[in-house]
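Below you'll find the structure, written out as structure tokens, and then a few comments.
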Amino acid sequence: MMLAATILSGALIGLVLGLVGGGGSILAVPLLVHGVGVTSAHAAIGTAAVAVAANALAGLVGHARAGTVKWRCGLLFAAAGMVGAAAGAELGKAMDGQRLLLLFGLLMITIGLSMFRKRRGLEMPDVRLTRSTARHLVPRLVPAGLAVGLASGFFGIGGGFLIVPALIAATRMPLSYAAGTSLVVVSALGATTAGSYALSGYVDWRIAGLMLVGGIAGAAAGIALGRRMAARKGLLEKLFAIVVIAVGGYITATSM
């Protein structure tokens, strides 16, 4: 049962990452704790970070082939985010595991509610980080990357649903590009957090490997489904927001 639950958990994470470019990571810790049965909050966070980083890489390959990745914007955001993630991971490891899960649940509720807000401003599908645009984009991308990275490292999440709106706010790139570009950042932040937790012995490599097996299949299915349902992305985001809020409420209630 644990074997099946672990593979299915990885498949769900990969599916959501491939479908909307984020969000699978915020479900990883609850799935490991309440689905797979990982008893240590820190071990769940460390193992989730490994699985999320690997699954994000699997999804990134598909988006790169589709041409929906703004590499320079993503790499700059990721570089700033890795600094924040390293600091956040150290803070997270120093906190009591039960309190960490409580804060994690509250974060999920906050993110879920924020996903119902309408995005404003004209989209810029041709936006690129160049010498001429750097003076406008760099001051927006770097602080956003640091803030998202800090949260990512602290809670052991890839930060996809923080990264996507942050990228859109900083660059005005369309959602389709933000979803693909976010996976560059998710991979980098997940790897940074995973490295920190692995050095402290908080990673179950067997579980992470099984989640990757499921995640590869899930990511492929998510990308394919996302192309078919491109016109209904808003509905998908709202449905997922409801799931995030519900899971966050459950974690908060059981951690108090």
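Keep in mind that what you see is a predicted model, and the values were worked out from it rather than measured.
For T130 against T133, the heavy-atom pair with the smallest separation is N-OG1, 2.8 Å. Across all non-hydrogen atoms, the minimal contact from T193 to G153 is OG1-CA, 3.4 Å. The minimum heavy-atom distance between V33 and A44, with the atom names listed, is CG2-CB, 3.7 Å. Listed here is the closest heavy atom pair of S187 and L183: OG-O, 2.7 Å. Minimum heavy-atom separation, P125 to P174: CA-CD, 3.5 Å. Across all their heavy atoms, A56 and V186 have their closest contact at CB-CG1, 3.5 Å.
V83 and L75 fall within the same hydrophobic cluster, where Ile, Leu, Val, Met, Phe, Trp and Tyr residues are linked whenever their side-chain heavy atoms come under 4.5 Å apart, directly or through other members. If you chain together hydrophobic residues whose side chains sit under 4.5 Å apart, I13 and M2 fall into the same group. V213 and L12 are members of different hydrophobic clusters when ILVMFWY side chains are connected at heavy-atom separations under 4.5 Å. Hydrophobic clustering, with ILVMFWY side chains joined whenever heavy atoms are under 4.5 angstrom apart, keeps F154 apart from L199. Cluster annotation: V29 is not connected to L8 through the hydrophobic network of ILVMFWY side chains, with a link wherever side-chain heavy atoms come within less than 4.5 Å.
Atom NE2 of residue H42 and atom OG1 of residue T47 lie 12.5 Å apart, to the nearest 0.5 angstrom. Taking CG of L167 as the reference point, atom CZ of R172 lies at 14.5 Å (rounded to 0.5 Å). Considering CG of L141 and CG of L146, their distance stands at 11.0 Å, rounded to 0.5 Å. Taken from OG1 in T68 to CE in M173, the straight-line distance is 10.5 Å, to the nearest 0.5 Å.
Residues L212 make up the rest of the hydrophobic cluster containing I216, defined by ILVMFWY side-chain heavy atoms closer than 4.5 Å, directly or through other members.
Contact check for L137 versus V127: side-chain heavy atoms found under the 4.5 Å cut-off. Proximity of I109 to T252: side-chain heavy atoms (C-beta onward) are separated by under 4.5 Å at one or more points. The side-chain heavy atoms of I45 and Y202, taken from C-beta on, include no pair separated by under 4.5 Å. You'll find the side chain of M211 stays beyond 4.5 Å of the side chain of I7, heavy atoms only. Counting heavy atoms from C-beta outward, F77 and T171 have side chains that stay 4.5 Å or more apart. Using a 4.5 Å cut-off on side-chain heavy atoms (C-beta onward), W205 and V50 make contact.
The backbone N or O of G180 lies less than 3.5 Å from no partner atom in the side chain of K70, so there is not a single donor-acceptor pair. Checking side-chain atoms of T181 against main-chain N and O of G74 turns up no donor-acceptor pair under 3.5 Å. A donor-acceptor contact shorter than 3.5 Å is absent between the side chain of S182 and the backbone of I163.
With V36 as the partner, the side-chain contact (heavy atoms from CB on, under 4.5 Å) test is satisfied by one option alone out of T6, D204, L31, L210: T6.
For H34, the ring-ring contact (aromatic ring centres under 6.0 Å, His included) partners are Y250, not counting sequence neighbours.
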Just list the side-chain donor-acceptor pairs under 3.5 Å for residues 86-95, sequence neighbours left out, or say none.
unit_1	atom_1	unit_2	atom_2	d
E90	OE2	K93	NZ	3.1
E90	OE2	S196	OG	3.0
K93	NZ	S196	O	3.2
K93	NZ	S196	OG	2.9
K93	NZ	S200	OG	2.9

